[in-house]
4 protein chains.
Amino acid sequence: MTQHLLLIDCPDEKGLVHRITGVLFHAGFNITSNQEFVDSSSAHFFMRTAFEGESSPEPTIEYLRQILPSSASIRLAVAGRRPIVLMVTKEPHCLGDLLLRHEYGDLPGEIRAVVGNHDTLRPLAERFGIPFHHVPHEGIDRAGHESRIQSVLASYAPEYVVLAKYMRILSPEFIREWPSRLLNIHHSFLPAFAGANPYRQAFDRGVKIIGATAHFVTEELDEGPIISQGVLPVDHTFTAADMAQAGRDVEKLVLAKALRLVLSERVFLHRNRTITFD
Amino acid sequence: MTQHLLLIDCPDEKGLVHRITGVLFHAGFNITSNQEFVDSSSAHFFMRTAFEGESSPEPTIEYLRQILPSSASIRLAVAGRRPIVLMVTKEPHCLGDLLLRHEYGDLPGEIRAVVGNHDTLRPLAERFGIPFHHVPHEGIDRAGHESRIQSVLASYAPEYVVLAKYMRILSPEFIREWPSRLLNIHHSFLPAFAGANPYRQAFDRGVKIIGATAHFVTEELDEGPIISQGVLPVDHTFTAADMAQAGRDVEKLVLAKALRLVLSERVFLHRNRTITFD
Amino acid sequence: MTQHLLLIDCPDEKGLVHRITGVLFHAGFNITSNQEFVDSSSAHFFMRTAFEGESSPEPTIEYLRQILPSSASIRLAVAGRRPIVLMVTKEPHCLGDLLLRHEYGDLPGEIRAVVGNHDTLRPLAERFGIPFHHVPHEGIDRAGHESRIQSVLASYAPEYVVLAKYMRILSPEFIREWPSRLLNIHHSFLPAFAGANPYRQAFDRGVKIIGATAHFVTEELDEGPIISQGVLPVDHTFTAADMAQAGRDVEKLVLAKALRLVLSERVFLHRNRTITFD
Amino acid sequence: MTQHLLLIDCPDEKGLVHRITGVLFHAGFNITSNQEFVDSSSAHFFMRTAFEGESSPEPTIEYLRQILPSSASIRLAVAGRRPIVLMVTKEPHCLGDLLLRHEYGDLPGEIRAVVGNHDTLRPLAERFGIPFHHVPHEGIDRAGHESRIQSVLASYAPEYVVLAKYMRILSPEFIREWPSRLLNIHHSFLPAFAGANPYRQAFDRGVKIIGATAHFVTEELDEGPIISQGVLPVDHTFTAADMAQAGRDVEKLVLAKALRLVLSERVFLHRNRTITFD
């Protein structure tokens, strides 16, 4: 029996679960797990259904397209591990953590390549046998730099691009190429600090908690839908450097968790928020 | 339109969601929220469905009883706030916190009375206008003491009895009177400490985290299914007394959360674990 | 033997600990606990010393004033529980939690009165036998309203004024009256949300963590030095109201912890941060 | 100016801080940071003092030995990064995380070698240029196996030996060779679970929190003094495998933190607890 994963979201209406499960049922499929959620604030319906059966699910999906609201998003998850490419600059903590998880089966995806605007992390990537592409930004305008990155990315056909501490701002044009497929991680604080050297500001303010937020990148940059967040406690004995260390620790865990959720198709995007069936 | 809440759990089989939602759909009800979960380790199905409609849901529930596996547990949540009675000894932190939440609508239940084996907390309960019953355990055997408590409890017909730091061990006979309806809170440590004065032991071992666990009481006493847990950090500057204070803080939050979950019918009990649709 | 608590902070220089402990030693006092910290970023020295002895410590403190840098802050903690007054509006969660702790000895201070710009919480305060003063802000300008509050506060001579969910903005003039003696609690998010209805914004952004920050109030309002922070996890099933509930839970714990730290003289203020000897 | 780090612990007595700082002061040293703590439960004194100066600190330490209680432990931290050797079995998460931190300067120590009772992790260690020694336990008795390990360890003269998921029980004889120098990490639960497959038990009990504890190894095995602890939240949707994954995530962070504390001489051992000046 083959396993399938069906992902549906559409405006909520009466009898949706019944209709959808009915179609699967009458097509002879067995639902092994089912999660739905209705966002009452927007009357929107989300469903993640794992099912198994002998026959091909395609006709069933096709039929669902006919009976569900025309605005419905209906898709069958591609089988197997999803291809991803990581983008980095100089910081190794997120890249290293993802490479280790990848190597030891903690990451339900396939890291096809690493792209860096610096060559710093090449040894780390190659140590794990992952191709590293250095696409320097010096002596070239942003459009040119980004188009070179895009062509490297395109050559690996990733389903998701992960900014694993890629420290250059991306243009709206670049971001539009990866709608809901571009992930980012950044430190977070309560309260947040704008501007340069946030750990310095956090230190000056004497924060007691350091956090990290993993989110989809939208044209509003760090304002995209949040996938996962985490925190670690700090105190006055932490220097700004110690706080940065705590920040790196929480960043790598939060990014890995967010990526696990996304790669296992547990995340729905709706407006500016995520529904995470974890 | 009246709101209803349906709670079903039974051995998993093909088409359950479809059949159940179909029955509701054809009876003219509208599902406003639906959560299911299949425990793959035991092939058991859990479903919490909120629906609304004009007509009475009783015939529908009756019909579901006929078409679902005979071993299925199928029930309609009683409308309104569930009646509870609290049992206490001398510590005020959990009782006080629950009384405040109750008074200000943070607790979806109705505290009908407080029973204490000491009279210490009478002023606190009466301050909030809740009847307090002192059932002393001195000069009476356990069976006699417990039967007096039972008769007080019975007079309030509570749906749940909450041990809000009730410090006497209850007999299996007493516990059997409240199957899946008796909640308890106790401090927890990593690792756990058996025997007397656990905070002293925690201090001697230099634990860095203090926790609390809210659970249903079974005849195995503190071994019942866990509903909610929480922790607070401590360090070497904490005396055993400071650790106990941290323990009280986390106990009251964890008990309140567990009680909220139970009172809003978000907790299923299965074997020795809980499915919590929070 | 009487217990004393000495609090010193001054620019760091060679031999400070030696000189200070020497003075106490030669005066026949016994140091029972001693904490210092040098903020290397500002070369500033902080020391919290508990000591005991028969004779009066005053002459010793006087002598310390002569031998330490003229800019040093040197003070002997007042014995006994510090008097505080709470300011509230309509939300009971922080007030109720503090009243309970106060009643049961979890708060090393004395709540002398509660001042509200609404009369809503009078029953709660009076239930615990604490005087409640309703100082309405309607039909009076801010200066007038604040001067009425100041006179009520003055009549209780509090050492600290705690804004336990007081929801009106205070003027710089008011704040200047309570330098380093005015505490506030507010919800915090990663990232922070400016403007109205932050829980709505947090919901729209799909935050996964809700936090709270207790801080001293400076003329920059919510930008004052942080004393304590805490968080609770949330997810997409939380409505904006559920998030607000989680916010109230964490706010009350964080405010109580911050107040405990301040009342036990464990908090030093330096520039815009706190040194917390907890 | 050379930096020095002085670590003292002894029975508490009057004037200790004064005497110690006086000796340093008169020897012309400048104290840059100083932490003490008196464990009132055992009247024991702990002090961690960083100081700087031109001359050699040896004579000063010698003098301190004469004036302090004969039972005092007085030592000058060795300059530079402390040598460590890791012991592993098959799980890569802790080893990989430590190798990454080591490579990128997040670990104030020097990993000289990795010893495994299986050869599984050789590629990971060698990938980072660290020698790997496979000391199989098959076909040899425990004493023989441990003596081979001891000789490998001895050849690297490590200051600390870290059990980074070494899954064989060590004999009291082995442990006695590394008093207060042998670290271990293991998962922890609230409550704890004895016996085999704890994650299975945690799943069956429906725990909501997974934790980890880093501790010094004593002859009571997992009962040694705790250095650091951490937790991650889980729920009913986590399979036993998911819980194990969460356990690996928290184990690696907690071990790294504990090791950072130990390597930076921030941990004192007293009876069965640690004083951690973090």
Side-chain angles (χ1 to χ4, degrees), chain A residues 37-42 46 186-194 200-216 220 222-237 239-241 250 254 257-258 261 267-278, chain C residues 37-42 46 186-194 200-216 220 222-237 239-241 250 254 257-258 261 267-278:
Chain A
F37 175 69
V38 173
D39 175 11
S40 51
S41 73
S42 61
F46 305 86
H186 66 73
H187 42 61
S188 301
F189 305 92
L190 322 74
F193 298 101
R200 180 84 236 161
Q201 295 183 68
F203 173 84
D204 292 339
R205 182 79 193 280
V207 302
K208 310 300 183 189
I209 284 174
I210 295 286
T213 298
H215 62 95
F216 285 111
E220 288 68 37
D222 291 348
E223 297 305 309
I226 294 168
I227 304 166
S228 183
Q229 299 185 298
V231 295
L232 285 177
V234 296
D235 65 32
H236 68 270
T237 64
T239 62
V250 67
V254 170
K257 182 183 175 188
L261 289 170
V267 180
F268 282 88
L269 242 169
H270 182 56
R271 296 180 176 176
N272 204 39
R273 58 194 287 249
T274 60
I275 310 305
T276 48
F277 287 131
D278 56 357
Chain C
F37 175 69
V38 174
D39 175 11
S40 51
S41 73
S42 62
F46 305 86
H186 66 73
H187 41 61
S188 302
F189 305 93
L190 324 72
F193 298 100
R200 179 84 237 160
Q201 295 184 67
F203 172 85
D204 293 338
R205 182 78 193 280
V207 302
K208 311 300 184 191
I209 284 175
I210 295 287
T213 298
H215 62 96
F216 285 110
E220 289 67 38
D222 292 348
E223 299 304 309
I226 294 169
I227 305 166
S228 184
Q229 298 185 299
V231 294
L232 286 176
V234 296
D235 64 32
H236 69 270
T237 64
T239 60
V250 67
V254 170
K257 182 182 175 188
L261 289 170
V267 181
F268 283 87
L269 242 170
H270 182 56
R271 296 183 177 172
N272 204 40
R273 57 193 288 249
T274 61
I275 311 306
T276 48
F277 287 131
D278 57 355

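Here is the naming used below: chain letters follow the sequence lines, and residue numbers restart at 1 for every chain. Everything quoted here is computed from the prediction, not taken from an experiment. As a basis for the values below, the full set of heavy atoms in this structure was taken, side chains included, without hydrogen atoms, waters or symmetry mates.
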>> My understanding is that only one of F268(C), F277(C), F46(C) makes a side-chain contact (heavy atoms from CB on, under 4.5 Å) with H236(A); could you say which?
In response: F277(C)
> chain C heavy atoms under 4.5 Å from N272(A): which part of the residue, side chain, backbone, both or neither?
Replying inline: both
>> At a heavy-atom distance under 4.5 Å, which candidate from D39(A), D204(A), T239(A) has the highest pair count against chain C?
In response: D204(A)
> Less than 4.5 Å apart, any side-chain heavy atom of V207(C) and any of Q229(A)?
Replying inline: yes
>> Quick check on the interface: out of A240(C), G206(C), P233(C), who has the most heavy-atom pairs with chain A under 4.5 Å?
In response: G206(C)
>> So for S228(C), is it side chain, backbone, both, or neither that comes closer than 4.5 Å to the heavy atoms of chain A?
In response: backbone
> Please walk me through it: do K208(C) and T274(A) pass side chain to side chain contact (heavy atoms under 4.5 Å, CB included)?
Replying inline: CA-CA 10 Å; K208(C) 311 300 184 191; T274(A) 60; 3.0 Å; yes
> Which heavy atom in R273(C) sits nearest to a heavy atom in R205(A), and how many Å separate them?
Replying inline: CB-C, 3.9 Å
>> So for S41(C), is it side chain, backbone, both, or neither that comes closer than 4.5 Å to the heavy atoms of chain A?
In response: side chain
